[in-house]
Each structure stands twice: as structure tokens, then as C-alpha cells.
Amino acid sequence: MNEIKAPKGTRDIFAPEIQKWHNLENAIHAYYKKFLYQEIRTPIFEHSELFSRGIGSETEIVQKEMYTFSDKSDRSLTLRPENTASVVRAVIENNLFETLSPLRFYYIGSMFRYDKPQKGRYRQFQQFGVEVFADDSPQVDAEVMFSAVDFLKKIGIEAMQLELNSVGCPQCRPDYLQVLRKAARAQESRLCSDCRRKIDGNPLRIFDCKLPACAEVAASLPLISDHLCGECRDHFAAVRETLSWMNVSFQLNPRLVRGLDYYTKTAFEITSGQLGAQNALLGGGRYNNLIQELGGPDMAAIGFAAGMERIILHLEQLEPARPKTLFVAYEDPQWLAHAVQMAQVLREEGYPVYLDYQGKNLKKQFKKADRVAAAFTLILAENEIQSGSVSIKNMVNQEQIKISLKELNEWLKKNY
RNA sequence: GUGAGUGUAGCUCAAUGGUAGAGUGUCGGAUUGUGGAUCCGAUCGUUGCGGGUUCGAAUCCCGUCACUCACCCCA
């Protein structure tokens with residue numbers, strides 16, 4: 001069998017699951033309007049350089065996970081692995097600082113990463129996210145986190161945890177990393193080979209190692225929280241205080257690291273125990289230097305991105321929410337024209353209507369009506385046509401009545 | 001990139017190395033204006049793919065691909 005299948009890590013979404021996606025998308029649009037966010041749609045692919053400069057050329061994502069290709073003019077393009085860099089690019093390119101206010105955006109769309117698929121992780125996956133520009137207030141950080149938690153609660157997710165950290169800024173992080181490297185190197189012999197490599201690369205990752213020996217070493221390593229500069233420390237304190245005003249509970253996690261280089265100060269993640277190994281539902285933070293690095297003004301920003309497949313995994317299976325359907329049946333092909341016209345009229349009135357063009361006899365058509373879960377079947381036959389009426393059978397309780405066509409609309413209004 | 005498990009009918013799954021099956025679904029029928037239930041009948045497969053061992057392979061071995069889960073990383 002060499003039939004063509006969906007590429008590894010991609011999937012088809014259809015009924016009944018598609019209903020969850022509609023619900024989730026609608027909820028996002030509705031919820032974020034309340035905070036004056038506006039939707040932004042950016043291209044699915046960008047110049048590769050946007051991501052290597054934006055996300056960081058040394059990150060795992062840029063190093064090994066990008067879908068990069070050359071187009072026919074030899075431009076290096078990349079399917080977006082995340083959307084923040086694109087949004088920043090769009091805001092700069094279109095001078096949105098000058099024209100839109102407030103500078104708050106949300107997006108919904110596909111991202112692409114060449115990862116090995118497993119539960120909750122795909123090569124093409126959907127994220128929604130928000131970005132707030134031009135405000136360095138700690139209250140904005142808190143509001144963004146509140147909205148994330150509140151939104152997830154409103155769509156029915158309870159079992160989640162907000163984890164919070166400050167990853168410092170260009171003033172304090174380099175100093176901290178030096179201290180950390182030094183401390184790690186002092187205990188290098190006790191670390192696994194993986195962690196030894198991390199010392200020079202990204203020493204923060206040592207905190208993630210699950211080996212007991214490494215965890216023991218990690219417990220003794222200095223924490224960023226003790227090495228923040230005055231500004232970062234004040235900002236972080238204000239963020240936590242605001243969260244408590246807002247009644248948002250959180251867990252401080254001094255080991256929380258983000259996989260993208262652009263984060264400064266606030267970093268956060270919402271995790272869930274129900275997801276298996278890929279337990280991050282949503283992650284984000286502040287990125288006060290990215291806009292300038294991508295050629296824009298010196299402007300603060302904060303945002304997050306959420307994995308929609310992972311959210312969908314948490315949503316209860318819905319009843320197939322098919323709207324109540326009207327089925328138009330005709331006893332003999334000679335009445336097909338009447339049936340078609342009736343369907344047109346009913347659809348014009350707003351009802352979902354189905355009829356079976358290959359219906360050979362009523363028995364078959366009723367079977368079809370049953371399969372499409374029709375609520376009512378409208379029957380046209382010689383009897384009805386001649387008297388200018390229609391028979392209506394309630395498919396649930398099997399009651400059947402005959403009414404004149406003039407009364408049909410009225411009847412539907414009452415009984416549909 | 002690394003590791004483990006699983007690949008049999010559209011779907012869920014059986015079959016000690018000896019003729020590939022069941023349930024479900026689909027289609028047809030149980031007399032001509034009526035579905036679901038029941039009954040009867042039909043349809044359904046290169047056992048993921050390619051090699052090897054064997055008189056004989058769905059079954060054992062090797063390879064490969066896909067799916068699932070985990071490592072890694074992340075949403």
C-alpha cells in the first residue's frame with residue numbers, strides 16, 4: 001500500500017473534534033476583545049533570518065527544528081516555529097506604533113517545528129497567543145498572566161498551575177550566568193555528561209536534569225532570584241504583588257527557563273498534570289529587547305503562546321453539536337422539484353435542510369434522514385402536493401401531522 | 001537525534017508455525033407512503049512494506065516505514 005498519508009507529525013481535524021476547535025477559537029476572539037486586543041495575521045513563512053535573529057541562533061528551535069527551504073529565487077525562507085518574531089516584524093514594518101492604540105495583539109495559527117511527535121506535540125501545531133507592546137509596567141505582566149489563567153478557567157480547565165520566575169535582564173543575567181558557571185564547574189565531576197556540556201552552553205538547563213546526582217548538585221547552585229539587579233527585583237516584586245491583588249495563585253519556580261533567547265524579566269508557564277510528558281499548556285514572558293534587536297524602537301513588550309492541541313486534550317468530549325436538521329423527503333422522483341424548492345425556502349429561513357437526491361423510495365430516504373440525525377422529516381407526495389400541504393414527522397417521538405404550506409413557517413417557529 | 005511498544009476488514013479486536021475469523025459498519029432483502037429494533041443474505045484483506053528461515057509464516061529472524069509513548073526540547 002503506497003497510499004499517500006499525512007506527513008509525520010501532522011493530522012486531520014474533523015467532526016466531532018472540530019467542534020471543540022470552533023468553540024475554542026470563538027472563545028479566544030470573544031475573551032481577548034475585553035482587554036482591547038486586536039487580531040493580527042502574519043505570513044506562515046518568513047525570511048529565515050527573522051527567526052535566527054529573533055529567537056536566538058543558538059537555541060534548539062533554530063538549530064534543529066526549523067522547516068527551512070529556498071524558494072525559486074534562492075531566498076532562505078522558514079515556516080514559522082512561533083509567532084512573536086513575526087508580530088514584532090509586522091508592527092515595525094507597518095509602523096503600527098504610530099497608527100494603532102493600544103498596541104495589543106492576539107493571533108491564532110499554525111506553527112511548525114521539526115520535532116519528534118508524541119502526546120501533545122506535533123510538527124504542525126496550532127498556537128494562540130497575545131503580545132502587548134510599549135508598556136513595561138509590572139501590572140501588565142500580571143494582567144497578561146491573569147488573562148491566561150482566567151481564560152483557561154472559563155473554557156473549563158481547572159487542573160493547572162501557573163509557574164513564575166524572573167530571568168533577569170542584560171544588566172544582571174550575564175553576571176549571574178558567570179556565577180552559575182563557576183559554581184557548576186566546581187562540581188563538574190558529579191554532573192552527567194549532558195549537564196557538563198550545558199555549563200558552557202546554557203547552564204540554566206542544568207536545573208532541568210532529572211538524574212538524582214545532578215538534581216542534588218542543582219539544589220546547591222545559586223539562583224537567579226538572588227542575583228537580580230535592583231530594577232528587575234523591584235519589577236518582579238510588583239508583578240507578584242499585583243497577582244495577589246488579582247487573586248491569581250502562582251508558584252515561584254526559580255529554575256523556570258524559556259527556550260527562546262529573547263525573554264527578559266518575567267517568565268511564566270502554565271502546566272497541567274493531565275498532559276503526559278508535554279505538560280506545558282502555555283508559556284511566555286517579557287521581551288524588552290527584541291523590538292530593538294529587530295530594528296524597531298527601544299520598546300518593551302510581553303506576551304505568551306498557548307498550545308491549542310494541548311488545550312483541546314483537556315476539553316470534555318462534546319455531543320456532536322449538529323444543528324437540528326430538517327429532512328425533505330419525496331415519495332416519487334416526480335416531486336423532486338417541489339422538494340428542492342422547499343429546501344431552498346427553508347434554508348432561506350435559516351434552517352439546516354438536507355434532502356437525498358438519489359432517494360429511490362421513502363424507506364431509503366427515512367433511513368438517510370435517520371443517519372443525518374434529522375429532527376423532522378417533511379414529506380411530499382401526491383396527496384400533499386394536491387392539497388397544498390406537507391406532512392411533518394417528528395423523528396424522535398414519531399408523531400406525524402399534515403399541515404398546509406401556509407402554516408408551515410408558523411409551525412416551524414413554534415415547534416422547531 | 002536516542003529508546004521502548006504496536007502494525008490483521010472502513011472501525012474495535014481474535015487466530016499454538018498448518019485453509020485468516022468475530023463483532024460492528026456498509027450494501028441488499030423481509031410486497032408497493034415511513035427510519036432506529038429484530039431476522040435473512042451479500043460485501044469486506046496483497047496480515048504496513050521488503051527480504052530471510054521453513055514442506056509451510058499473520059505468527060520466528062533481519063531490514064524498512066508508520067503510529068504510540070518516553071528521553072531531549074517545547075506550546
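By convention in this document, chain letters (A, B, ...) are assigned in the order of the sequence lines, proteins followed by strands, and residues within each chain are numbered from 1. As a basis for the values below, the full set of heavy atoms in this structure was taken, side chains included, without hydrogen atoms, waters or symmetry mates.
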- Message: Could you tell me if the side chain of N415(A) sits less than 4.5 Å from the side chain of I392(A), heavy atoms only?
- Response: no
- Criterion side chain to side chain contact (heavy atoms under 4.5 Å, CB included) against L164(A), the qualifying member of L256(A), D141(A), L243(A): L243(A)
- Message: Is it true that, when you exclude Q178(A) itself, more than 12 heavy atoms of the residues, nucleotides or ligands shown sit nearer than 6.0 Å to its CD?
- Response: no
- Of the listed nucleotides G33(B), C73(B), C69(B), the one nearest the side chain of D115(A): C73(B)
- Message: Please determine whether any donor N or O and acceptor N or O are separated by less than 3.5 Å between the side chain of E60(A) and the base of G1(B).
- Response: no
- Message: Between G28(B) and U34(B), how many Å separate the two P atoms, rounded to a whole number?
- Response: 16 Å
- Task: Mind checking N279(A) for me? I need base, sugar-phosphate or nothing, with any heavy atom below 4.0 Å counting as a touch.
- Result: base
- Query: Between N383(A) (CG) and U34(B) (C1'), how many Å, whole number?
  - Reply: 14 Å
- Would you call E216(A) and R190(A) a salt bridge, using N to O less than 4.0 angstrom? yes
- Query: Could you give the CZ-to-P distance, from F376(A) to G35(B), as a whole number of Å?
  - Reply: 19 Å
- Query: When the distance from CD of Q118(A) to P of C67(B) is rounded to whole Å, what number comes out?
  - Reply: 13 Å
- When you look at CD of E49(A), are more than 12 heavy atoms from neighbouring residues, nucleotides or ligands closer to it than 6.0 Å? no
- Would you kindly say whether S272(A) and H314(A) are connected by a side-chain donor-acceptor distance under 3.5 Å? yes
- Rounding to a whole Å, what distance do you find between R310(A):CZ and C73(B):P? 14 Å
- Query: Can you list every ring pair (Phe, Tyr, Trp, His ring centres under 6.0 Å) pair that touches residues 394-416 of chain A, not counting sequence neighbours?
  - Reply: Y351(A)-Y416(A), F376(A)-W411(A)
- Cationic N near anionic O, under 4.0 Å, R258(A) to E269(A): yes
- Message: Would you call the rings of H338(A) and W335(A) parallel, tilted or perpendicular, taking 30° and 60° as the class edges?
- Response: perpendicular
- Message: Is the ring pair Y32(A)/F151(A) parallel, tilted or perpendicular, if the boundaries are 30 and 60 degrees?
- Response: tilted
- Query: With rounding to whole Å, what would you report as the distance between G17(B) and C72(B) at their P atoms?
  - Reply: 39 Å
- Query: Mind checking whether R104(A) and V130(A) have side chains closer than 4.5 Å, heavy atoms only?
  - Reply: no
- Nearest-angstrom distance, C1' atom, G1(B) to U8(B): 32 Å
- Message: Between K265(A) and D136(A), does any NZ, NE, NH1 or NH2 come within less than 4.0 Å of an OD or OE carboxylate oxygen?
- Response: yes
- Message: Using the side-chain heavy atoms of F366(A), tell me which of these nucleotides is nearest: U34(B), G36(B), C74(B).
- Response: U34(B)
- Base, sugar-phosphate, or nothing for L281(A), non-hydrogen atoms under 4.0 angstrom? sugar-phosphate
- Counting any heavy atom closer than 4.0 Å, what does Q63(A) reach on the DNA or RNA strands: base, sugar-phosphate only, or nothing? nothing
Using a 3.5 Å cut-off and no angle test, enumerate the donor-acceptor pairs between side-chain atoms of residues 377-385 of chain A and protein atoms at least two apart in sequence or in another chain.
unit_1, atom_1, unit_2, atom_2, d
N383(A), OD1, K402(A), NZ, 2.6
E384(A), OE1, A381(A), N, 3.2
E384(A), OE2, S391(A), OG, 2.5

- Query: Using atom P of each nucleotide, how far apart are U47(B) and G10(B) to the nearest Å?
  - Reply: 12 Å
- Item | Separation of the C1' atoms in A9(B) and G21(B), to the nearest angstrom | 10 Å
- Item | Whether F69(A) and F45(A) hold their rings parallel, tilted or perpendicular, with breakpoints at 30° and 60° | perpendicular
- Item | Residues within residues 120-127 of chain A bordering RNA chain B, heavy-atom distance below 4.0 Å | G120(A), R121(A), Y122(A), F125(A), Q127(A)
- How would you list, by chain and number, every residue that makes a side chain to side chain donor-acceptor pair (under 3.5 Å) with S76(A), sequence neighbours excluded? S48(A)
- Residue pairs fulfilling ring pair (Phe, Tyr, Trp, His ring centres under 6.0 Å) with at least one residue in residues 190-209 of chain A, sequence neighbours excluded: none
- C1' spacing across the pair A22(B) / G45(B), given as an integer number of angstrom: 15 Å
- Message: Without decimals, in angstroms, what is the distance between I270(A) CD1 and C74(B) P?
- Response: 18 Å
- Strand RNA chain B as a dot-bracket string - pairs counted if Watson-Crick or G-U with both distances under 3.5 Å, | where the partner lies in another strand: (((((((..((((....[..)))).(((((.......))))).....(((((..]....))))))))))))....
- Over 12 foreign heavy atoms within 6.0 Å of CZ, R11(A): yes
- Item | Any pair counted as ring pair (Phe, Tyr, Trp, His ring centres under 6.0 Å), so long as it reaches residues 250-282 of chain A, sequence neighbours left out | Y262(A)-Y287(A)
- Message: How many whole angstroms separate atom NZ of K8(A) from atom C1' of C69(B)?
- Response: 13 Å
- Query: At under 4.0 Å, does any side-chain N or O of R258(A) touch on OP1 or OP2 of A75(B)?
  - Reply: yes
- Are Y67(A) and Y114(A) an aromatic pair by the rule of ring centers under 6.0 Å? yes
- What's the closest nucleotide to the K5(A) side chain, out of G35(B), A66(B), G33(B)? A66(B)
- Determine which pairs satisfy side chain to side chain donor-acceptor pair (under 3.5 Å) with at least one residue from residues 118-128 of chain A, sequence neighbours left out, and list them in order. S110(A)-Q124(A), S110(A)-Q126(A), Q118(A)-R121(A)
- Contact check, residues 393-412 of chain A vs RNA chain B, heavy-atom distance under 4.0 Å, returns K393(A), M395(A), Q398(A), Q400(A)
Could you write out each protein N or O paired with an N or O of nucleotides 25-29 of chain B at a distance under 3.5 Å?
unit_1, atom_1, unit_2, atom_2, d
U26(B), OP1, R371(A), NH1, 3.0
G29(B), OP2, K364(A), NZ, 2.9

- Query: At under 4.0 Å between heavy atoms, what does A369(A) touch on the DNA or RNA strands: base, sugar-phosphate, or nothing?
  - Reply: nothing
Interface polar pairs with nucleotides 2-12 of chain B, N/O, under 3.5 angstrom:
unit_1, atom_1, unit_2, atom_2, d
U2(B), O4, K116(A), NZ, 2.9

- Remember a base hit wins even if backbone is also touched, and classify R205(A) as base, sugar-phosphate or nothing at under 4.0 Å, heavy atoms. sugar-phosphate
- Message: Let me spell it out: for each of D370(A) and E331(A), pick the nucleotide of RNA chain B with the closest heavy atom. Which residue's pick is nearer the 5' end?
- Response: E331(A)
Every protein N/O within reach of nucleotides 39-41 of chain B N/O, cut-off under 3.5 Å:
none

- Charged N-O contact under 4.0 Å between E60(A) and R205(A): no
- Euclidean distance for P, A4(B) against G41(B) (whole angstrom): 49 Å
- Item | Inter-nucleotide P distance (G7(B), C61(B)), Å rounded | 13 Å
- Message: From NZ of K363(A) over to C1' of U31(B), roughly how many Å is that when rounded to an integer?
- Response: 11 Å
- Atom CG of L362(A) to atom P of U32(B): distance rounded to whole Å? 11 Å
